[in-house]
Protein chains: 2
Amino acid sequence: MSILQNAADVLRCFSKECPDLTVTEVVRRLGIPKANASRLLKAMREAGLLETIGDSYRHRPGRLMLDLGTAYRSSSNLIARAGEAVGEVSQRFGHTGYVSIREGLEVTGVADFPGTNALRVVGAIGRRLTAHESATGRSLLARLTGDEVRALFAGRDMPAELDEKLADIRRDGFALSSQEATPGVDAIAIAVGDPATEEAVSLCIVYPHSLVDDKGRDEMIAALSEGAARIAGELGDTAFVPPRI
Amino acid sequence: MSILQNAADVLRCFSKECPDLTVTEVVRRLGIPKANASRLLKAMREAGLLETIGDSYRHRPGRLMLDLGTAYRSSSNLIARAGEAVGEVSQRFGHTGYVSIREGLEVTGVADFPGTNALRVVGAIGRRLTAHESATGRSLLARLTGDEVRALFAGRDMPAELDEKLADIRRDGFALSSQEATPGVDAIAIAVGDPATEEAVSLCIVYPHSLVDDKGRDEMIAALSEGAARIAGELGDTAFVPPRI
DNA sequence: AACATTGGTTCCATTTTATGGAACATCGTG
DNA sequence: CACGATGTTCCATAAAATGGAACCAATGTT
């Protein structure tokens with residue numbers, strides 16, 4: 001197996017929750033011989049893929065990785081446009097907004113906008129959610145056909161009401177969640193895609209349930225869908241369903 | 001040379017300005033044989049370090065890299081704290097703020113806060129600045145001794161007035177720039193370090209020159225230095241100079 | 001329609017690296 | 001000081017990367 005694969009496996013060990021690793025932690029997680037892990041981390045350090053924290057044994061991703069995240073975002077004008085649209089809505093209403101992408105049954109935030117209200121939802125970026133258990137994930141799943149969704153669940157049980165929920169999203173053009181992943185937190189999500197690159201992103205606003213009534217929610221849906229519709233129009237996304245409240 | 005080194009070199013080709021690459025672009029930039037580049041990119045793709053955009057020949061950093069940037073930020077509680085402090089100041093005054101780190105004679109933004117004023121400075125993150133030609137860079141250089149700074153310029157000419165400028169920063173505890181990197185844009189920067197990890201970051205606010213008078217500027221210096229002083233106190237940074245306006 | 005041009009991949013023998021088990025080194029602690 | 005936990009070095013073997021050239025495919029060009 002290529003050493004690149006091993007290096008990538010090491011990198012995959014990092015996350016917001018686990019921001020640094022030692023040689024033995026890598027050994028435990030990947031089940032590789034200690035000697036390999038030691039040399040691998042050393043080589044990755046020398047290549048700049050990792051760096052040590054202070055002069056301790058702890059390793060974190062190299063500084064290089066910061067730039068790559070940025071490059072990723074600007075490589076996709078879908079993400080850039082989506083970020084712009086969400087940023088506007090986030091600022092107008094003061095609630096936190098983010099843009100996320102799906103990979104299999106997981107969704108990850110790629111951009112976020114903190115929101116300005118005193119009571120706001122924080123920390124969306126870098127957190128992984130299960131696609132079918134969040135509005136943002138379902139808005140992305142709804143872009144697939146029923147068969148494609150079932151294929152994603154190959155092996156696992158597909159939640160009973162998911163089909164129905166996705167049908168609703170396909171009809172309405174937007175997804176909602178109320179106190180689902182986090183108590184007291186509601187979310188609105190609308191997905192849009194770029195046919196040229198076959199990417200799709202979800203534009204999402206999260207807000208405290210207690211702070212927003214139906215009217216406020218509908219205003220945000222309208223604002224978000226205006227942004228999404230503009231992007232869909234510009235990029236020629238035919239799968240986009242103009243939201244109807 | 002390890003293939004990791006080559007892979008890292010490929011990754012270093014990416015930036016905000018160059019968010020995707022083809023095989024031949026890599027060949028041109030790195031001067032390696034075409035066959036190697038082709039196989040290297042393929043291996044990196046298979047490892048998840050890269051991905052292709054749509055079904056074209058263009059490559060961009062893998063999705064993985066997004067998470068790594070996030071991990072990097074949360075690996076350093078200095079960066080996290082600095083981000084918090086800058087975020088508060090940014091929001092209070094509506095101007096863009098960012099946190100950056102120095103590496104040799106370059107500084108890079110690691111976190112940014114867009115600012116809410118209609119007239120604001122955008123796009124700080126991922127952009128590299130020359131350390132001595134920006135307030136944020138000089139605030140970091142001022143933490144070094146004169147000899148250390150001269151060592152950084154080994155070979156190159158060290159700008160004549162830099163020594164003097166850095167002395168001022170060491171005395172005042174903050175750095176200013178007025179229309180230096182960008183016409184019409186001023187900046188305030190204060191550096192703070194974590195003795196435990198030997199990291200240092202700069203807290204910086206950038207704002208349109210035309211929008212802020214001396215009084216407003218001093219208020220921002222005060223707010224920023226309050227945040228910086230709190231961090232310095234908590235982490236025990238003895239090199240920190242409490243700013244005096 | 002034949003022909004260069006550009007961009008990418010595959011093939012092969014040779015050279016360079018990675019592997020994993022075990023011995024060795026280092027550090028902090030009871 | 002001995003212990004346990006962690007990280008590094010050594011070695012022969014197994015597995016890679018290398019680079020030159022041939023090959024493939026799409027795109028313009030006369």
Side-chain angles (χ1 to χ4, degrees), chain A residues 1-15 17-62 64 71 75-76 195-198, chain B residues 1-15 17-62 64 71 75-76 194-198 236:
Chain A
M1 197 195 312
S2 161
I3 194 177
L4 280 181
Q5 188 62 55
N6 285 322
D9 287 342
V10 170
L11 293 178
R12 263 182 266 276
C13 291
F14 292 103
S15 66
E17 288 73 36
C18 173
D20 50 59
L21 291 169
T22 63
V23 169
T24 28
E25 279 165 5
V26 169
V27 168
R28 272 198 288 269
R29 285 191 178 229
L30 302 183
I32 58 177
K34 203 165 46 149
N36 291 6
S38 176
R39 281 176 305 218
L40 178 57
L41 292 201
K42 182 180 177 180
M44 291 177 73
R45 235 158 41 214
E46 285 168 355
L49 297 176
L50 295 182
E51 60 188 39
T52 50
I53 301 184
D55 52 1
S56 73
Y57 283 130
R58 307 207 69 81
H59 293 73
R60 67 174 164 203
L64 173 56
S75 79
S76 159
T197 62
E198 292 174 14
Chain B
M1 197 195 310
S2 161
I3 193 178
L4 280 180
Q5 188 62 56
N6 285 323
D9 288 343
V10 170
L11 293 178
R12 264 182 266 277
C13 292
F14 292 104
S15 67
E17 288 73 36
C18 173
D20 51 58
L21 291 169
T22 62
V23 169
T24 26
E25 280 164 5
V26 169
V27 168
R28 271 198 289 269
R29 286 191 178 228
L30 302 184
I32 58 178
K34 201 165 49 149
N36 291 5
S38 176
R39 280 177 305 218
L40 178 58
L41 292 202
K42 182 181 177 179
M44 291 177 73
R45 234 157 42 212
E46 285 168 355
L49 298 176
L50 295 183
E51 60 188 40
T52 51
I53 301 184
D55 53 359
S56 73
Y57 284 131
R58 306 207 71 81
H59 294 73
R60 67 174 165 203
L64 173 56
S75 79
S76 159
D194 181 348
T197 62
E198 292 174 14

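As a basis for the values below, the full set of heavy atoms in this structure was taken, side chains included, without hydrogen atoms, waters or symmetry mates. Proteins come first, then strands; the chains are lettered A, B, ... in the order of their sequence lines, and each starts at number 1.
- Regarding A/M44, its CE atom lies at a distance of 18 Å from the P atom of C/dT17, rounded to whole Å.
- With distances taken from any side-chain atom of A/S2 to the nucleotides D/dA17, C/dG8, D/dT9, the minimum falls on D/dA17.
- Both A/R45 and A/L4 lie close to DNA chain D; mapped to their nearest nucleotides by heavy-atom distance, the more 5′-ward contact belongs to A/R45.
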Going through the checks in order, is the salt bridge (Lys or Arg N to Asp or Glu O under 4.0 Å) test met by B/E51 and B/R58? CA-CA 8 Å; B/E51 60 188 40; B/R58 306 207 71 81; over 6 Å; no
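- No donor-acceptor pair under 3.5 Å is formed between the side chain of B/T24 and the backbone N or O of B/V27.
- Closest to the A/K34 side chain, of the nucleotides C/dG7, D/dT6, C/dG21, is D/dT6.
- Expressed to the nearest 0.5 Å, how far CG of B/N36 lies from CG of B/N6 amounts to 7.5 Å.
- In this structure, A/E46 atom CD and C/dT17 atom P are separated by 12 Å, rounded to whole Å.
- When the P atom of D/dG20 is taken as reference, atom CD1 of B/I32 falls 13 Å away, rounded to whole Å.
- Note that the CG atom of B/L64 and the CZ atom of A/F14 stand 10.5 Å from one another [nearest 0.5 Å].
- The nearest whole Å value for the distance from the NE2 atom in A/H59 to the P atom in D/dT6 is 15 Å.
- Atom NZ of B/K42 is separated from atom P of C/dC11 by 9 Å (rounded to the nearest Å).
- Nucleotide D/dG19 holds its P atom 12 Å from the CG atom of B/L30, rounded to whole Å.
- Between B/L11 atom CG and B/M44 atom CE the span is 4.0 Å, to the nearest 0.5 Å.
- Side-chain atoms of B/N36 lie closest to D/dG19 of the nucleotides C/dG7, D/dG19, C/dT10.
- Listed candidates were D/dG19, D/dT18, D/dT6. Nearest to the side chain of B/N6 is D/dT18.
- Where A/I3 and A/Y57 each meet DNA chain C at their nearest nucleotide, the meeting point lying more 5' is that of A/I3.
- Residue A/R39 has its side chain nearest to D/dT9 when only C/dG7, D/dT9, C/dT10 are considered.
- Residue B/R28 contributes atom CZ, which lies 10 Å from atom P of C/dT6 at whole-angstrom precision.
- Within the nucleic acid shown, B/S38 comes within 4.0 Å of at least one base atom, counting heavy atoms only.
- Between the P atom of D/dA16 and the CG atom of A/L40 lies a distance of 15 Å, rounded to the nearest Å.
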